[in-house]
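What follows is one structure encoded as structure tokens, with my remarks underneath.
Quick note: numbers below take in every heavy atom, side chains included, and nothing from hydrogens, waters or symmetry partners. Chain naming here is simple, since letters A, B, ... match the order of the sequence lines and numbering starts at 1 in each.
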Amino acid sequence: MKKEYIKPYIKRQSAGVMNKFGVTYNKGHREDIEGIPIGRFTDEFGSPVFVLSEKVIRERYRKIYSYFSSKYPKAKMSWSYKTNYLGAVCSILHQEGETAEVVSDFEYEKARSLGVPGNRIIYNGPYKPLDSLVTAFTDGAMVNLDNFDEIIKAEEAAKKVGKKVSVGIRVNMDTGVYPQWSRFGFPIENNGAFNAVKRISHSEHLHLEGIHCHIGTFMMDPNAYKEAVKKVVQLMRKIEHEFEITISYLDFGGGFPSNNKLKGTYLPPEVAVQPVENFIDAVADTLLDELAPDEYPDVYLETGRAIVDEAGWLISTVDAVKRLPDGTKSYIIDAGVNLLYTSAWYNYKVEIDRELHGAYENSILYGPLCMNIDVVAESAFLPPLPKGTRIILSPMGAYNVTQWMQFIRYRPAVAMIMEDGKLEQIRRAEKLEDITGPEFVPDKLRKFNL
Amino acid sequence: MMDRDKLSVLAISDSGFIFDPVTGHSYTANATGLKILELLKAGKEEDEIKSAIMDEFEASDDEVTVDIQDFVENLKKYFLV
Ligand SMILES: Cc1ncc(COP(=O)(O)O)c(C=O)c1O
């Protein structure tokens, strides 16, 4: 009998040098996701493959909504489509009771096509084509206006619809966080928001009903939400007082962090990221402090990544092992930054599908693109990986399957583990026709001899 | 050709502890690593090393080829060859 083969290693001993923090975030392997062996996903759908969990999406949503609604009586939530607009994902959240929050004509149409009634859609964003405003007003959607030109455009749309329509305004403000997201909406501080309201109050076609803000994404400090709530409530009071308008909804957008590891942070997210309850406390407690019970408006949250990020994984495969001239170990895997938009700001959790022996090294994971920027992980602490090892990257549920691009390769399948343990394909891998379908080659270009 | 002079001065213990009296650095290696190191020190070529490893351990030709190359790259990194 031959002995078991263990990959050779040699390592220089360095006395007294310890890892700066005792936590090795990447150490570990996982043989399954929710009981389904990693190999089954790749056998059925190929590699790479995105995996989402129905159970985790529902659990995350319920945790956030039940806490929010236990603290504020008129709590509402609207699903931020751009975070993940796969039909299956949106439908789960609509089943849970979330309305749709969209930021483009495409997202609006997608929500309608999934069966969301127009009056259950919040239409946000800095650019709303005239036609889409006409549709939204006809359907009775909640439309939050971003700028003065859009107020004028909304009047034009309302005229076409032939009735006075309700709108909200998006506002921005200083909440003590840097950078301030000042490019969206009307600034509260220099009276921009107040002037917008004044303009709307003179309009024959528009009627102001709500105030919307979204102060940033992956916010680390709940106090920013306290500031936002205070400032928005102050604005609401001032508006109601000056113009005899009743504001029926406030919308504080999204921005709660997920348990992902932002680049440049040293501590693991379990330590660095505050629990979502702290953010909800900041919103709800401040509302209750600032408002009298008879004036409670509907309050919306458009939480995106905090619901869905941790419900997703990407399984990819090691295709080649390379040692760089400077001695750094590197691997080429079959998923690159074309699929992993969020790799620009996250250090994902990296897990492998089996227990492997050998010396751990800080290794680089390169994607398959013929591009220097295609680095999926700059420093993953890994034992020597044989070709074919599956690498599981997470959290992966937010923004990747919307911001991925079709570049050089086909976009892969997305699978969902259903609550009953069944595995479903919720988006198939792309084929050539998906990409060439919309193209036309003019007749005179069709022939060539090589 | 790789320069094996530096290897000849290494003190290698069976437990995997390696000491370089020239630089004062010490290293640890696993059984497979030690085996390759001994064979390199004895002047064996990569093909011979590969067969020796495959005679002793359960492993495929491809895997061992890549691993030996990687191991040698690592030795270069430490200026041992
Ligand atoms: C208006 C609006 N609402 C909600 C969200 C969702 O944000 P998050 O995923 O940070 O919760 C975004 C994202 O940028 C947004 O722009």
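Comparing B:Glu73, B:Glu63, B:Lys76, B:Gln69 by how many heavy-atom pairs each has under 4.5 Å with chain A, the most go to B:Glu63. Contact count against chain A (heavy-atom pairs under 4.5 Å) is highest for B:Asn30 among B:Asn30, B:Leu80, B:Ile53. Contact count versus chain B (heavy atoms, under 4.5 Å) is highest, among A:Lys7, A:Lys322, A:Glu4, A:Lys387, for A:Lys7. The residue among A:Pro325, A:Pro8, A:Gly327 with the most heavy atom pairs within less than 4.5 Å of chain B is A:Pro8.
Using a 4.0 Å cut-off between a side-chain N of Lys or Arg and a carboxylate O of Asp or Glu, A:Arg305 and A:Glu310 do not qualify as a salt bridge. Salt bridge annotation for A:Arg30-A:Asp353: absent, with no cationic side-chain nitrogen under 4.0 angstrom from a carboxylate oxygen.
Only the side chain of A:Lys329 comes within less than 4.5 Å of a heavy atom of chain B; its backbone N, CA, C and O stay farther away. Contact annotation for B:Asp55: only backbone heavy atoms (N, CA, C, O) come within less than 4.5 Å of a heavy atom of chain A.
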May I have the list of side-chain donor-acceptor pairs in residues 32-43 of chain B shorter than 3.5 Å, sequence neighbours left out?
| unit_1 | atom_1 | unit_2 | atom_2 | d |
| --- | --- | --- | --- | --- |
| B:Thr32 | OG1 | A:Ile6 | O | 2.5 |
| B:Lys35 | NZ | B:Glu56 | OE1 | 2.6 |
| B:Lys41 | NZ | B:Leu10 | O | 3.0 |

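A search for ring pair (Phe, Tyr, Trp, His ring centres under 6.0 Å) contacts involving A:Phe218 returns A:Tyr346, not counting sequence neighbours.
Looking only at side-chain heavy atoms (C-beta outward), A:Arg40 and A:Ile38 stay at 4.5 Å or farther from each other.
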